[in-house]
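Input: a single structure, listed below in structure tokens.
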Amino acid sequence: MIAEKLETYIKSLNFDDAQYFKNNLINIENNGAVESEEAEELTNIVANEISADSTTVSCAIAFAYIPNDKINTIIESNVLGEEINSILKGILKIPPFNLEKLKLQTENHIKLLVTLSGDVRAIIIMLALHLLKIRKLKSLSEEEAFKTATEVQLLYSPIAHRIGLYKVKTEMEEICLKYFDYETYRSIADKLQIKKAERDKYIHEFIEPLKKKFADNGLKVNIKGRPKSIASIRTKMKKQGIDVDGIYDLFAIRVIIDSKPENEKSDCWKVYSIVTEEYKPNPYRLRDWISVPKPSGYESLHTTVIGPGGRWVEVQIRTERMDEIAEKGLAAHWKYKNGTDGQQGGNIFSRIREAIETPDRDKKISSEKKALYSNEIYIFTPNGDLIKMHQGETVLDFAFSIHSEIGSKCIGAHVNNKFVSIKQVLQNGDTVKILTANNQKPSPEWIKIAQNQRVKNRIKHIVTGMQNRLAEIGKDTVKQKLQQINVEFNDLTVNKLVKYFNIESTIQFYQNIGEGKIDPIKIKQAFNEKIEQKPIEEEHKFTDHLSDKSSDCLIIDNLNTVDFQFAKCCQPLPGDKIFAFVTVNKGTKIHSVNCPNAANIIKRYPYRIINAVWKKDAEQSSFSINIKLEGIYSHETNGKINEVITNDFHIHVRSYSFSEQNEGKFVAHLTVTLGSKAQQDFIIEKLKRIKNVEKVVIENN
């Protein structure tokens, strides 16, 4: 019975795809459709007042006539097809809104509607539903009326405006004004009623000389006066700080032309020419939305002229097609799609989505913004706040977006009342409650879990700070332990410990001590196991045969030049007594005669020992320089600098400091003792090559 009644109704809409409707109507009736007055009204709004396409109308019929508790059954059975299912799912995804949060984050809620519903036709049906509800405001309870009026005022009226449904938008605004500020509404309405006769008389006086000229030029037109809406008058009064009596352009003249599609633009400009010949125009008030329509699809030619009595009058010029689109928005394009259903339909959906998402409706949205919008998701907090995030981001990203302290203690979350780990990827519209523990701390693995670059950087900063603090604790522990066993704390001693425990770097050694990964008691073992150092009996033999040659360090025994490296175990400096040791595959190493390994080397490999001597002025030529480094802060950068200055044994490090600055930068100060200008150039070049080091300069001593 419902299907037959609806079929008659659908035929009146003049849709081409009658069979499509017939099949859907039968399926709707067979799946528990219930006849009601509101269902008919909702369907009528979607079909006639919004002029939606046949799929949207079918979906509206299903949503209106099938009880809410049976909608999911319809979706699961897929009797209406994937497209209608998708729209229905989009409608069901739209959650109830917290009105206080809605007032604070209106724009985010509008974007949430678009992204959450998926198909924008779901929003069109929700728009129609709220138009129906606002019309029946008096029949609702006080609580429901307030909720409906607030949602319409903040969400659905702006959406209607953005997609060009100006008639719907105006009706919504006026009902809301009447509900929230009845006295102002009544005051403006009464004054407009008093002035109605005056306005009607003025409109007649204005259009009378134009009628004959239009007819003489073969133009079929319909001219009507359009008074300003009460809501727009109220907005203008607040903006300009004036009373309704101070507003002179309380109406506009609209000229609607009966024109063929190929003549639309030329006919509009003909009308413009006739109007501006009769009345002087304001050249700064010409608006050409015919050549370049608004994103909402709005096409019209606007001008403001001086009418009788010196009053400014706005004249809107458009064709009948343009007028229907102006009244019904982008959805009205369905009647003019010229048979290109698929492609045109996709374009219209894209334009509707773009218009809703773009607050500035008169500007084209950039491709970058489109990509940004498509990647945005909106997450609810338990209190109803909306947090904007991006697809692919996790619970950990969300926790840090609230506050770094919450992120640092995050152990998981309740997402839609279900426990998940910090790795869980969030979906649009999820409600997330972060769970924390006081003993939780960030770890380096978190950097891989986080997807937001700012969150990654924040975690790196926290982890680096923790590691630095551990290193400081470890360093103090090592100092105390060495003092207990009467061993001097210096670079040589620490290097021995680093090698003994097979650690990659000094900083890592300190961190392991500070974190408790290495028992400080084992430090004593490292020195108990070392080979006892014996005086080098051959020392005098070396000094007796030292020769004075012209290079900084000479290897004697009739060899003028030999490639050499300074031994890492003792780091000899100019002035130290030295000898050379020929290794099997690492060239010649220069050792100090006081090297802890010297006795063992001389005893086991005396045939590889070569006397060596510094150039006479080498000791006097050594010098110290202060180096300042600047760049992008990271723990890795600090480690690389340490690696360069500790592993290059041509230099003696006297002091080193590394500190984080504002905006993710660092400054390091380094004082070293060098033996030559070549060494200076060498160390400066190596420091410049370190990643994230942006500046290396030598400071005045």
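Worth saying up front: this structure is predicted, and the values here are computed from it rather than measured.
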Handout entry: Closest approach of Ile290 to Asp288 (non-hydrogen atoms, all atoms of both residues)
Key = N-OD1, 3.0 Å

Exercise for the section: Give a yes or no on whether a salt bridge exists between Arg234 and Glu173, defined as a side-chain N under 4.0 angstrom from a carboxylate O. Expected result: no

Practice task
Say whether, by atom type as modelled, one donor and one acceptor occur between the side chain of Asp397 and the main chain of Ala450 under 3.5 angstrom.
Solution key: no

Handout entry: Phe398 vs Thr381, side-chain contact (heavy atoms from CB on, under 4.5 Å): CA-CA, chis, key distance, verdict
Key = CA-CA 10 Å; Phe398 181 75; Thr381 68; 4.1 Å; yes

Handout entry: Short side-chain to backbone donor-acceptor contact, Ser408 and Ser404, under 3.5 Å
Key = yes

Practice task
Applying side-chain contact (heavy atoms from CB on, under 4.5 Å), run through Ile134 and Cys176 and close with a yes or a no.
Solution key: CA-CA 8 Å; Ile134 200 79; Cys176 287; 4.1 Å; yes

Problem - Euclidean distance, His302 NE2 relative to Arg287 CZ, rounded to 0.5 Å - result: 10.0 Å

Practice task
Look at Glu144 together with Lys133 and state whether they make a salt bridge at an N to O cut-off of under 4.0 Å.
Solution key: yes

Handout entry: Nearest-0.5 Å distance that lies between atom CD1 in Ile518 and atom CD in Gln511
Key = 11.0 Å

Practice task
Working to the nearest 0.5 Å, report the span between CG of Asn457 and CG of Asn452.
Solution key: 9.0 Å

Exercise for the section: Report yes if the side chains of Ile159 and Ile123 come closer than 4.5 Å at any heavy-atom pair, otherwise no. Expected result: yes

Handout entry: Side chains of Met466 and Pro442 in contact at under 4.5 Å (non-hydrogen atoms)
Key = yes

Practice task
For Asn468 and Thr464, run side-chain contact (heavy atoms from CB on, under 4.5 Å): C-alpha distance rounded to whole Å, both residues' side-chain angles, the deciding distance at 0.1 Å, then the answer.
Solution key: CA-CA 6 Å; Asn468 288 342; Thr464 300; 3.7 Å; yes

Practice task
Using a strict cut-off of less than 4.0 Å between a Lys/Arg side-chain nitrogen and an Asp/Glu carboxylate oxygen, indicate whether Lys178 and Glu174 qualify as a salt bridge.
Solution key: no

Handout entry: Close side-chain approach of Ile513 and Phe509, heavy atoms under 4.5 Å
Key = yes

Exercise for the section: Would you check if the side chain of Glu694 reaches a backbone N or O of Glu630 as a donor-acceptor pair within less than 3.5 Å? Expected result: no

Practice task
Give a yes or no on whether a salt bridge exists between Lys167 and Glu171, defined as a side-chain N under 4.0 angstrom from a carboxylate O.
Solution key: no

Exercise for the section: Looking only at non-hydrogen atoms, find the nearest pair between Ser401 and Ile387 and report the distance. Expected result: OG-CG2, 3.8 Å

Handout entry: Smallest separation among heavy atoms of Phe666 and Asn692, with atom names
Key = CE2-O, 3.9 Å

Practice task
Under the side chain to side chain donor-acceptor pair (under 3.5 Å) rule, what do Glu143 and Ser141 come out as? Steps first, then yes or no, please.
Solution key: CA-CA 5 Å; Glu143 181 181 355; Ser141 67; 5.6 Å; no

Handout entry: Spatial distance of atom CD1 (Ile434) from atom CZ (Phe400) [nearest 0.5 Å]
Key = 10.5 Å

Handout entry: Nearest-0.5 Å distance that lies between atom CD in Gln661 and atom CD1 in Ile632
Key = 14.0 Å

Practice task
For Thr150 and Phe146, indicate whether the former's side chain and the latter's backbone hold a donor-acceptor pair under 3.5 Å.
Solution key: yes

Practice task
Locate the shortest heavy-atom distance separating Ala145 from Leu140; write the atom from each residue and the value.
Solution key: N-CB, 4.0 Å

Problem - Residues Lys456, Glu393: salt bridge by 4.0 Å N-O rule - result: no

Practice task
With side-chain contact (heavy atoms from CB on, under 4.5 Å) as the test, would you mind laying out the steps for Lys628 and Lys695 before giving the verdict?
Solution key: CA-CA 8 Å; Lys628 180 181 179 182; Lys695 187 177 181 182; over 6 Å; no

Exercise for the section: Any chance you could measure Glu142, atom CD, to Leu137, atom CG, to the nearest 0.5 Å? Expected result: 11.0 Å

